[in-house]
Number of protein chains: 2
Amino acid sequence: MDQKIIFSEVQCTKHINAVEDALYVLGGKWKLRIIIALFSGYTRFNELQRRINGISARVLSNELKQLELNGLLKRVVQADQTPVVVEYLATEYAATLKDVVGALADWGQKHKKKITITDNV
Amino acid sequence: MDQKIIFSEVQCTKHINAVEDALYVLGGKWKLRIIIALFSGYTRFNELQRRINGISARVLSNELKQLELNGLLKRVVQADQTPVVVEYLATEYAATLKDVVGALADWGQKHKKKITITDNV
DNA sequence: GTTAGTAGTAAACAAAAGGTTAGTACTAAT
DNA sequence: ATTAGTACTAACCTTTTGTTTACTACTAAC
């Protein structure tokens with residue numbers, strides 16, 4: 001009932017700003033899903049599209065460009081191959097997202113259990 | 001260069017689905033910011049609007065309704081007071097988001113430092 | 001009695017995000 | 001020769017999200 005204050009007044013704006021900075025890069029429906037797929041070893045465009053349920057080629061293409069701009073993946077063209085093969089590889093920097101993805105996936109899993117049992121009050 | 005696979009193939013879909021469930025509740029531009037403000041002890045409508053830079057009354061109102069539906073806050077009307085005071089209080093369930101908010105804020109903070117130094121390749 | 005504050009809602013609109021369809025140019029198999 | 005796959009892009013449309021302005025109804029201060 002009387003909820004404890006977790007963050008101090010001074011920390012509030014700091015936290016909001018930090019989350020804002022994170023969401024600028026990770027926000028939207030798809031970016032974290034793409035990062036998970038990359039972590040899982042999927043590298044090719046159509047492979048990613050098949051794995052990430054519901055994403056269109058246009059949106060995937062745009063999202064990949066933005067993730068590359070933010071240093072989370074590298075687009076590698078294997079020009080020696082026929083046909084030319086394009087690979088999207090998570091960078092080392094993307095690995096710093098492990099905690100974020102982990103925390104969110106954990107919570108999501110627990111939340112799903114909660115709503116399937118409680119059916120939400 | 002040769003990025004290690006962090007999640008196994010089997011875990012990929014599980015992770016994506018879990019993150020999907022989390023984003024269903026927390027996704028969008030405002031929800032996490034509102035939760036942080038609630039954690040910080042801000043409880044009143046106008047107080048929240050002042051604290052969360054850029055949010056309009058309409059959007060704040062809608063977001064608060066959704067957060068209440070998902071059990072993350074309680075809308076409490078102090079009817080005895082004049083004028084009537086409305087308080088939005090984070091629930092205990094919302095406290096389970098501490099790790100998520102923490103991980104995201106941490107990453108956002110580090111990312112901001114990175115881009116202000118490196119200026120991004 | 002005018003101004004400011006509380007806690008919003010309604011209507012109208014604009015912007016951002018995402019979806020749909022089709023198409024390119026090339027290869028490889030049937 | 002047709003079908004299927006790769007890796008996309010363009011144009012167009014819809015949906016979602018957010019903004020702005022105005023308004024309610026009430027209180028409290030100046």
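Every chain is numbered from 1, with letters handed out A, B, ... down the list of sequences. Everything numeric in this text was worked out from a predicted model, so none of it was measured.
- Each salt bridge (Lys or Arg N to Asp or Glu O under 4.0 Å) pair with one or both residues in residues 23-51 of chain B, not counting sequence neighbours, appears once here: A/Glu20-B/Arg33, B/Lys31-B/Glu63.
- Once rounded to the nearest 0.5 Å, the distance linking OG of B/Ser40 with NZ of A/Lys14 reads 12.5 Å.
- Under the salt bridge (Lys or Arg N to Asp or Glu O under 4.0 Å) criterion, A/Lys65 pairs with no residue at all, not counting sequence neighbours.
- For residues 13-35 of chain A, the set of pairs meeting the ring-ring contact (aromatic ring centres under 6.0 Å, His included) definition, not counting sequence neighbours, comprises A/Phe7-A/His15.
- Looking at heavy atoms from C-beta onward, A/Leu72 lies in side-chain contact with A/Leu26 at the 4.5 angstrom threshold.
- In this view, B/Asp21 and A/Lys112 satisfy the salt bridge (Lys or Arg N to Asp or Glu O under 4.0 Å) rule, not counting sequence neighbours.
- No more than 12 heavy atoms of other residues, nucleotides or ligands lie within 6.0 Å of CG in B/Asn53, so this atom counts as exposed by the packing criterion.
- DNA chain D is contacted by no residue of residues 20-33 of chain A, taking any non-hydrogen atom closer than 4.0 Å.
- Applying the ring-ring contact (aromatic ring centres under 6.0 Å, His included) test to residues at least two apart or on different chains, none of the pairs has a partner in residues 40-87 of chain B.
- Judged by Watson-Crick or G-U wobble contacts below 3.5 Å, the nucleotide D/dC30 has C/dG1 as its partner.
- Think of the region where chain A sits on DNA chain D: with heavy atoms and a 4.0 Å cut, that region ends 5' and 3' at D/dT6 to D/dC12.
- Contact annotation: the side chain of A/Leu60 never approaches that of A/Ser56 to less than 4.5 Å [non-hydrogen atoms, C-beta and beyond].
- Counting only residues at least two apart or in different chains, ring-ring contact (aromatic ring centres under 6.0 Å, His included) contacts with residues 56-110 of chain B comprise A/Tyr93-B/Trp107, A/Trp107-B/Tyr93, A/His111-B/Tyr93, B/Trp107-B/His111.
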Under 3.5 Å, which N/O atoms of the protein pair with N/O atoms of nucleotides 6-9 of chain C?
residue : atom : partner : partner atom : Å
C/dT6   : OP1  : B/Arg50 : NH2          : 2.8
C/dT6   : OP2  : B/Asn46 : ND2          : 3.0
C/dT6   : O5'  : B/Asn46 : ND2          : 3.3
C/dT6   : O3'  : B/Arg44 : NH2          : 2.9
C/dA7   : OP1  : B/Arg44 : NE           : 2.5
C/dA7   : OP1  : B/Arg44 : NH2          : 3.0
C/dA7   : OP2  : B/Asn46 : N            : 3.3
C/dG8   : OP1  : B/Arg75 : NE           : 3.4
C/dG8   : OP1  : B/Arg75 : NH2          : 2.6
C/dG8   : OP1  : B/Tyr88 : OH           : 3.3
C/dG8   : OP2  : B/Tyr88 : OH           : 2.4
C/dT9   : OP1  : B/Lys65 : NZ           : 3.2
C/dT9   : OP2  : B/Ser61 : OG           : 2.3

